Amino acid sequence: MIQSIDYYAVAPLLILVLTAGAVLLLDAFLPRKPYARPLLGAVTLTGVLGALGMVVAQAVRDGGPMRTFCVPAGLPGPARAGIGALDIGTLGSGPGGPGGAASALCSFVVDDFTLVFAGLALAAGVVVVLLSMAELSSGDVPVGEWYFLLLCTLVGAVALPASRDLVMLVVALELVSLPVFALTALRRYDGRSSEAAVKLFLVSVVSTAVMLFGVSLLYGMTGTVYLDRLAQVLRGPVAEPMAISGPDAYASVLQIAYDLPPVLIVAVVLVIAGFGFKVAAVPFHAWAGDVYQGAPIPVAALLSVISKAAGFAGLILILVAALRGQIAVWAPLVAIIAALTMTVGNLLALRQRHAVRLLAWSSVAQSGYILAPLGVRDDEAVSASIAYLVFYAAMNLGAFAVVMLVSRRGARGGLDDYRGLAFRNPAAGLALAFFLICLAGLPPGLAGLFAKVVVFRELVDGGGAWLALVMAANTVVGLYYYVAWAARIFTPVPVTEGAGAPAAVGGAPAGVGAPSAVGEDPTGAGVPSAVGEVPTGAGVPSAVGGRAGGGRAGWVPVGVAIVLAGVVAVVFSIAPQVVLDLLPEGLIASG
């Protein structure tokens with residue numbers, strides 16, 4: 001059997017793959033000159049922008065969803081399956097009827113759901129690439145490998161929402177996850193990064209094993225990997241007489257009807273648990289704080305937005321496209337997980353005194369808000385989850401970009417390092433305060449407020465009033481640590497602390513004799529910033545994670561990233577309908 005390929009449908013993936021290959025070749029053959037690093041960054045950024053442009057072109061085209069890698073209509077299914085075999089030709093639900101083009105089962109579908117998630121991943125990828133340019137400007141990270149791995153992650157993030165069979169779904173999800181291990185550990189001689197990479201690897205392996213077990217049970221019960229056909233089988237009779245013949249047929253049917261529900265419940269629980277690890281939902285969240293803090297800031301931003309978006313895309317596809325008929329089983333479970341996630345995430349964020357760890361646990365709480373609409377039995381709840389995810393992405397990426405800017409001055413990463421930031425660097429201080437207010441859902445950061453209103457409305461309309469009350473209480477808890485951090489930004493630094501670490505954070509370099517942060521060299525003579533580190537002159541690593549100094553080449557991309565995230569957040573605050581209009585009804589195409 002030869003499957004035709006719609007190259008226009010897979011064009012964004014091809015652009016990213018070709019760019020990744022070009023980056024590897026350029027890194028291998030370019031001379032080790034100062035222009036090599038910015039050139040590779042520019043090539044990567046061009047490729048991501050090209051893929052994003054192709055996604056936009058696909059979104060504005062006329063016509064229905066694009067499908068490729070399809071099984072021909074009328075191809076018979078397996079002769080025997082756990083709950084009966086169905087003829088693929090009888091499952092057509094779109095135009096054309098049985099035997100028509102719409103009745104074919106396809107592994108790759110470009111519909112509204114795919115375009116929204118692909119656009120989100122690539123737009124976030126632009127910001128992550130800009131942050132990576134700053135991260136790589138110091139010269140202690142292999143640049144070619146970094147950009148190659150980053151592009152591979154984006155390939156998986158774009159392919160995953162288009163996946164319409166279980167095999168491709170798992171492969172795309174692993175393509176998102178696997179490169180992140182290496183990205184986390186690429187900062188050499190940094191024990192914290194290595195520890196974070198190992199923790200992330202172990203958690204991801206366990207989550208993949210759990211999810212594969214659930215996926216294998218689904219396949220064993222239905223005899224198909226296609227999400228549409230899986231939904232058709234599970235929505236039909238418990239067993240088909242044609243699957244079992246002979247005198248024992250009736251007894252066999254009764255036995256299957258008796259055994260199937262527990263197996264199906266186990267499969268659903270395992271699949272939700274596997275994706276729960278990916279999106280850091282409670283009780284699968286313990287890895288988030290250490291991994292976010294130990295990873296380079298661009299990787300932490302990637303985990304908080306791109307990896308999380310990919311995890312939610314896979315979870316929504318499984319639950320809505322494949323297991324819609326079992327909503328009575330998984331909706332209460334998802335609602336409980338959402339309530340626990342937002343509560344535990346906010347309570348842990350309250351105790352944090354490190355900026356990245358606070359954003360990590362805040363990200364866990366935000367996962368609870370995104371999950372909440374999936375816990376009610378409402379067809380429009382998916383749109384509410386996706387809308388919240390889009391709003392959250394702009395706000396969170398902006399916050400990470402400002403943290404990246406501050407960390408390049410060698411700050412220790414504590415919240416006290418941001419005290420008085422608005423006076424030392426007004427642009428950075430105001431930007432960070434705006435992003436925090438947006439995350440809190442307070443004016444003038446109306447983007448976060450609109451996101452929460454959309455979720456509240458769906459919860460109430462869908463009969464999840466108790467979950468709406470839990471979310472309201474958690475929103476109040478979240479206000480405390482967001483506002484407390486924002487208040488530090490506008491708090492003047494006492495004169496007695498003027499020579500300490502916070503005084504130079506985010507602004508001009510500290511003067512001679514007044515170090516700007518613990519571990520920095522006030523004389524510029526190249527004194528090591530921490531025990532065991534090698535003096536490198538300009539751009540000496542700080543004691544914890546950051547990098548002191550940094551030339552213009554490192555500052556400019558971070559500033560551009562902050563501006564981009566800020567503009568998007570302002571647009572979302574002024575015109576939230578821009579996001580809501582991107583989410584028409586019937587996001588996930590059938591067939």
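Quantities reported herein were computed from a predicted structural model and do not represent experimental measurements.
- The shortest side-chain heavy-atom distance between Phe181 and Val198 does not fall under the 4.5 Å cut-off.
- Between Leu151 and Val48, some side-chain heavy-atom pair lies under the 4.5 Å cut-off.
- Remark: the backbone N or O of Gly368 is not paired with any side-chain donor or acceptor of Thr341 at under 3.5 angstrom.
- To the nearest 0.5 Å, atoms OG (Ser207) and CG (Leu270) are separated by 12.5 Å.
- Checking each of Leu439, Val568, Val305 against Met395 for a side chain to side chain contact (heavy atoms under 4.5 Å, CB included) leaves exactly one that passes, namely Leu439.
- Contact annotation: the side chain of Ser573 approaches that of Cys438 to within less than 4.5 Å [non-hydrogen atoms, C-beta and beyond].
- The side-chain heavy atoms of Ser204 and Lys278, taken from C-beta on, include a pair separated by under 4.5 Å.
- You'll find the side chain of Leu359 stays beyond 4.5 Å of the side chain of Gln293, heavy atoms only.
- Proximity of a side-chain donor or acceptor of Ser107 to a complementary backbone N or O of Asp165 within less than 3.5 Å is not detected.
- Side-chain atoms of Ser132 never come within 3.5 Å of backbone atoms of Tyr147 as a donor-acceptor pair (strictly under, hydrogens ignored).
- Look at Asp290 and Arg192 and you find no salt bridge, because none of the NZ, NE, NH1 or NH2 atoms lies under 4.0 Å from a carboxylate O.
- Using a 4.0 Å cut-off between a side-chain N of Lys or Arg and a carboxylate O of Asp or Glu, Asp27 and Arg37 do not qualify as a salt bridge.
- Under 3.5 Å, the side chains of Tyr388 and Lys452 contain a donor-acceptor pair of N or O atoms.
- Contact of the Arg164 side chain with the Asp111 side chain is registered, since non-hydrogen atoms from C-beta on lie closer than 4.5 Å.
- Tyr369 has its side chain within reach of Gln366: a pair of non-hydrogen atoms, C-beta onward, lies under 4.5 Å apart.
- Between Tyr481 and Gln352, every side-chain heavy-atom pair lies at or beyond the 4.5 Å cut-off.
- How far OG of Ser385 is from CG of Leu315: 9.0 Å, rounded to the nearest 0.5 Å.
- Separating the CG atom in Leu397 from the CG atom in Leu131 is a distance of 7.5 Å, to the nearest 0.5 Å.
- Judged by distance alone, the side chain of Ser193 and the main-chain N or O of Ala295 form no donor-acceptor pair under 3.5 Å.
- Ring orientation note: the planes of Trp485 and Tyr418 are nearly perpendicular, at an angle over 60° on the 30°/60° scale.
- The only option from Ile318, Val334, Leu374 that meets the side chain to side chain contact (heavy atoms under 4.5 Å, CB included) definition with Ile272 turns out to be Val334.
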